[in-house]
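Lettering follows sequence order; numbering is per chain, from 1.
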Protein chains: 2
Amino acid sequence: MTADKTSLTSSPINDQLEELHRKFSKVVDGKVASHIAELARANPEWFGICIVTTNGGIYEAGDTRQEFTIQSISKPFVYGLALEDHGRAEVLKKVGVEPTGDAFNSISLDPETGCPRNPMINAGAIASTGLVAGATPQIRLGRILAAFSRYAGRELKIDQAVYQAENATGHRNRAIGYMLRNFNVLDEDPMPVVDTYFQQCAILAHCRDLATMAATLANRGVNPLTGEQAIRSEFVESVLGVMGTCGMYDYAGEWLYDVGMPAKSGVAGGVIAVLPGQLGIGIFSPPLDAKGNSVRGIQVCSALSRRWDLHLFNRPGDGKSVVRLRLNAAEFNSSRVRSTNENKVLREHGRRIQVFQLQGHLVFATAEYVVRALTECVGLECLILDFRYVISINETAGLLFHDILCRLHEAGCVVLFTSLTNNSPLRRLLREQLGDRSDDLFRTFDELDGALQWSEDRLLARVMPDVTDTNIAVSRYELLNGLTREEAGIVQKFFERRDFAAGEIIIEAGEPARELFLLMRGVVSVFLPLDDGRRKRLATFSPGMAFGEMAMIDHAPRSATIVADTDVSCDLLTTGKLTALGAVHPKIKIHILENLSLDLCRKLRKANREIALLV
Amino acid sequence: MTADKTSLTSSPINDQLEELHRKFSKVVDGKVASHIAELARANPEWFGICIVTTNGGIYEAGDTRQEFTIQSISKPFVYGLALEDHGRAEVLKKVGVEPTGDAFNSISLDPETGCPRNPMINAGAIASTGLVAGATPQIRLGRILAAFSRYAGRELKIDQAVYQAENATGHRNRAIGYMLRNFNVLDEDPMPVVDTYFQQCAILAHCRDLATMAATLANRGVNPLTGEQAIRSEFVESVLGVMGTCGMYDYAGEWLYDVGMPAKSGVAGGVIAVLPGQLGIGIFSPPLDAKGNSVRGIQVCSALSRRWDLHLFNRPGDGKSVVRLRLNAAEFNSSRVRSTNENKVLREHGRRIQVFQLQGHLVFATAEYVVRALTECVGLECLILDFRYVISINETAGLLFHDILCRLHEAGCVVLFTSLTNNSPLRRLLREQLGDRSDDLFRTFDELDGALQWSEDRLLARVMPDVTDTNIAVSRYELLNGLTREEAGIVQKFFERRDFAAGEIIIEAGEPARELFLLMRGVVSVFLPLDDGRRKRLATFSPGMAFGEMAMIDHAPRSATIVADTDVSCDLLTTGKLTALGAVHPKIKIHILENLSLDLCRKLRKANREIALLV
């Protein structure tokens, strides 16, 4: 990664790669492939290392832009294409998946069926090429090139000289082609298939291409740099499966033991290694060992694995981190402003409303943790599953959520999802599974706040009578608490009565704040206008409460828009009237200010408690 | 998992296991092992499935408490013991790690060295048993039993009848023992070693034991139910490596392709499978296929892998989730109460203080994401790395943090760690790497709030003069803002001056609140006493500010203790005096109440902004 000029520091990861590069530059064992002159001309000093992570980090050292032919590294990618074209079951009928313990060019056909033992030996690779769909060899090759280009994130080309040279000398591969024809593994003229195979091996790539291709396999088939899907996710595990057991020829067992990453090497000196979920490695160094693997390539993979603890089998557990926040409505509430009584009810009964804010990837192990916590919940009435921080969910996790959803519904608990976009795989899966029952079984909200308010309202409605639809007496305004009836009567003369129809705007954001409102009847909501034209609800008020008082106090212009949710009646108290009241009845104004301070004080205490819960 | 009587619902995971159990109960293929009568007597109907997750979930269906002999499933665990006793290099000299493609009882010695090809065939297993340290066969067996018991979380015993029968008929294994002696793979009398091998195979376990043992391997060697370390973490990848390529005899390639989990089977009908980081599976069903693997065991593993998407090579990326919160001091601040001017400076320059709250496991892929984000930071002066939600950190991640720490230090950025306990592996590693320089290179704080305050103070000190040490004029009390000099003089008469020495308690939690304090000189902090005797800092105040006003407003008893951080002078205003002031000078009291409301209002707005950042 090139350090940005304005950034504070360089990357220690890049420096470690440079250091490894220097160290292994001194290794001079091995011989450059010499079976064709084009490969024999490779400079044995060429040496590049590149790592691409699944979240788009790129680290490079050495000759990472020197192109070379991909050779056998093409095999797993073409095998993936065959799987996409025919499915696992059909492909398994033609090519096995057992390691042979034999060398790369051994024919290794099953004595009974004639099927190649695995797709990483030449016979299995040629059979895989024969399985790539397409009416003509040109179309097949075009599809192979297109797929490889998706993996690499740039358009790849064929080295015609290498292809011609391989074609001129590749008699053994032609023999394999006819053996495959003999056993009907290939059911057509094998020569065009072998020709396509020569061409796929002659595709030019550089070290960074290899790392990107490997990272695409690590990232469930999605190129982490371009975001393009290079292979359907469901087949990635099969491609990595054969790389894991057969990728390094007769070195496979030791490789998985020592390096612990599925890998593949090519005779031109390329090596790729894949750490699923994490990263792809590409190395290029032409000198090969006796088994046909790049000497430095193997040593660097091994060193990286040890140094960075990349072994596939050494993974920490990842269940618990899935729950980012677990809250209940006794300790954390929606932005709806509640009366003292309502707050008391929420504190007492709020544990019946639970929020699980989830994060990261939902797969079996992470979903299991959530599902277990849910089955252990006692006395739950509303469950809010907040998906705002969820990155992905697979079908297994989706089905578990479906199951728990149905069970909770039966047990009388309402399930609310938030931040579950319309095209979320979970939403699609729930619609498929539940059909028309979807609407009964769960609710969705854009934001946690809305879901929490809905749940609180439901809880409060069970416990407390609804008063939003009748005019309340002025003496019940919280701001006038503790005033005598006579004093309240005096204050009332300073009010201005206003009615608003449902949907009407009471306060527009940006206006100067010259008054506070006392809500006599109905419900109002505070919204923040967003840049994209939508609006975010900040708070909701019910009768008896004051709103708009904060802007009046700090003389800020109105920061939000306030809308009548229902038909609404309000009493307005303007700054001027409040000053006038103070001039004539200072004790009453003192009382009102004390009530105001008390209200702000309670809200601030609650906000501080909530912050402590969240950090 | 047994459903708790009080819990809302049962687990869908358990139900899915039950369903699988019913489905595969119908499979009647295979034959119970008959080479000894004790095994031949097994009921072919016995069938148990158990799953244990790395975070302690347990799911069971069928005969999960029926004991049986562990047989070849003992091999990887004894191999692990050999690795712990001698290290990888020494063990590799005696036993290879290449799959053979041969059957379980093939002798498969390397023709040159005479070493068994891998530790999962009998020859390699007997060689592994020979490598277990101990002066006598009794001691060795005792160590094996103790290790297995740690894995299972209960004391395991040997089935003497099975052991005697195996011993009576195990001539082939004795032949192997002498072959190993012949090649000096065993360098002592092979018969006691073979005898220990017979006994290790006759250890009794049930299905839940198997799942727990497998989950212990999935959990880096720590039994997830007891928390006990059964094998050193560094050797777990090697044990799983040989299980991955050689665990299912000549079925290994297909197994890794299809099921995608390292696994091991035993001739009594047990099977274990391990999904690193996630879970362990134990299955018991005596009828075996021709290759010696439990028929139902294989089918259930395969079904579980497909159904729950457990394939090892199918992993989502896990980098991004490592950052739980990213904040800066322009948008989020410590609980230290700041003056209007200080808040303005923080809003303008606060981006120079950045907070990364990390979570989960720090390994290469997750640390890389953080390190990359850090190298891209511009103009950073203080970096706070909050480890409160970090579960584990491996050495690789630790070294990356060390590297970035040194680079940031050189670039003039101060690094602060929070919630990094004294025995954290990162702290140990930093001490090792940095020695005496530790104190220069980073600071540690118990809590994010303290680190954030320190960073803010540092930033403010650069920009603003320090006034905490001189008496300020009464007219500079924020609460008296806007009063005339004459009015301020009137108010002053209602004050009571108090001095406190550094460390003195000003307010004790639990006391009734009868006054507010105006800070004239020095600094005070608010602490919440915790149950464990420690205290948590809630806020800090500097001269000019009021404290203790909230409890006075809402008449709550003091919720926290306030301590003088330095020598302190205060003006006290009691409730009584404030009332008296109002009676004589209502306009002044109105003014004070308006200032109080304004202050509360600003604090509430800020708290609400912060909550919106955090959820």
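- Interface remark: of the candidates B/G241, B/A607, B/P276, B/G96, B/P276 forms the most heavy-atom pairs closer than 4.5 Å to chain A.
- Annotation for A/D403 and B/P12: closest pair CB-CB, 3.3 Å, computed over non-hydrogen atoms.
- Counting heavy-atom pairs under 4.5 Å between each of A/V355, A/L256, A/D449, A/D309 and chain B puts A/D309 at the top.
- For the set B/I590, B/L310, B/I553, B/L613, the count of heavy-atom pairs under 4.5 angstrom toward chain A peaks at B/I590.
- Judged by distance alone, the side chain of B/E98 and the main-chain N or O of A/E254 form a donor-acceptor pair under 3.5 Å.
- Using a 4.0 Å cut-off between charged nitrogen and carboxylate oxygen, B/R306 and A/E237 count as a salt-bridge pair.
- Formation of a donor-acceptor pair under 3.5 Å by the B/R388 side chain with backbone atoms of A/V615 is found in this model.
- No other option in A/A367, A/G56, A/A556, A/G221 has as many heavy-atom pairs under 4.5 Å with chain B as A/G56.
- Within a 6.0 Å radius of CD in A/E395, other residues, nucleotides and ligands contribute 12 heavy atoms or fewer.
- In this structure, the portion of A/I391 lying under 4.5 Å from any heavy atom of chain B is its side chain and not its backbone.
- Counting heavy-atom pairs under 4.5 Å between each of B/E549, B/M243, B/K587, B/E594 and chain A puts B/E594 at the top.
- What you find for A/S321 and B/G360 is that their closest heavy atoms are OG-CA, 3.2 Å.
- Considering only heavy-atom pairs separated by less than 4.5 Å from chain A, the leading option among B/R324, B/K603, B/E610 is B/R324.
- When each of B/L325, B/V97, B/D258 is scored by its heavy-atom pairs under 4.5 Å with chain A, the top score falls to B/V97.
- Each of A/Q16, A/E410, A/R602 has some count of heavy-atom pairs under 4.5 Å with chain B, and the biggest count is that of A/Q16.
- The contact between B/L448 and chain A is made entirely by side chain atoms (from C-beta outward), counting heavy-atom distances below 4.5 Å.
- Residues A/A365 and B/N55 share a closest heavy-atom pair of O-ND2, 4.3 Å.
- Between chain B and the residues A/G412, A/P586, A/A612, the most heavy-atom pairs under 4.5 angstrom are made by A/P586.
- Side chain of B/T396 to main chain of A/R307: a donor-acceptor pair is present (N/O by atom type, distance under 3.5 Å, no hydrogens or angles).
- In this structure, the portions of A/S597 lying under 4.5 Å from any heavy atom of chain B include both its backbone and its side chain.
- Of the two parts of A/L400, the backbone and the side chain both hold a non-hydrogen atom closer than 4.5 Å to a non-hydrogen atom of chain B.
- Ranking B/G244, B/S392, B/C601 against chain A, the residue ahead of the rest is B/C601, based on heavy-atom pairs under 4.5 Å.
- No part of B/A373 comes within reach of chain A, as not one of its non-hydrogen atoms sits under 4.5 angstrom from that chain.
- No other option in A/I404, A/V236, A/N219 has as many heavy-atom pairs under 4.5 Å with chain B as A/I404.
- Only the side chain of B/L92 comes within less than 4.5 Å of a heavy atom of chain A; its backbone N, CA, C and O stay farther away.
- Across all their heavy atoms, A/R605 and B/S559 have their closest contact at NH1-OG, 3.9 Å.
- In this structure the side chain of A/L240 never reaches within 4.5 angstrom of the side chain of B/H311, judged on heavy atoms.
- If you measure heavy-atom distances from A/P262 to chain B, the contacts under 4.5 Å come from the side chain alone.
- When heavy atoms are compared at a cutoff of 4.5 Å, A/S335 does not approach chain B at all.
- The contact between A/A218 and chain B is made entirely by backbone atoms, counting heavy-atom distances below 4.5 Å.
- With a 4.5 angstrom heavy-atom cutoff, A/A539 does not touch chain B via any of its atoms.
- Shortest non-hydrogen contact noted between A/G57 and B/E368 is CA-OE2, 3.7 Å.
- Ranked by heavy-atom pairs under 4.5 Å with chain B, the first of A/Y389, A/F332, A/W255, A/W308 is A/W308.
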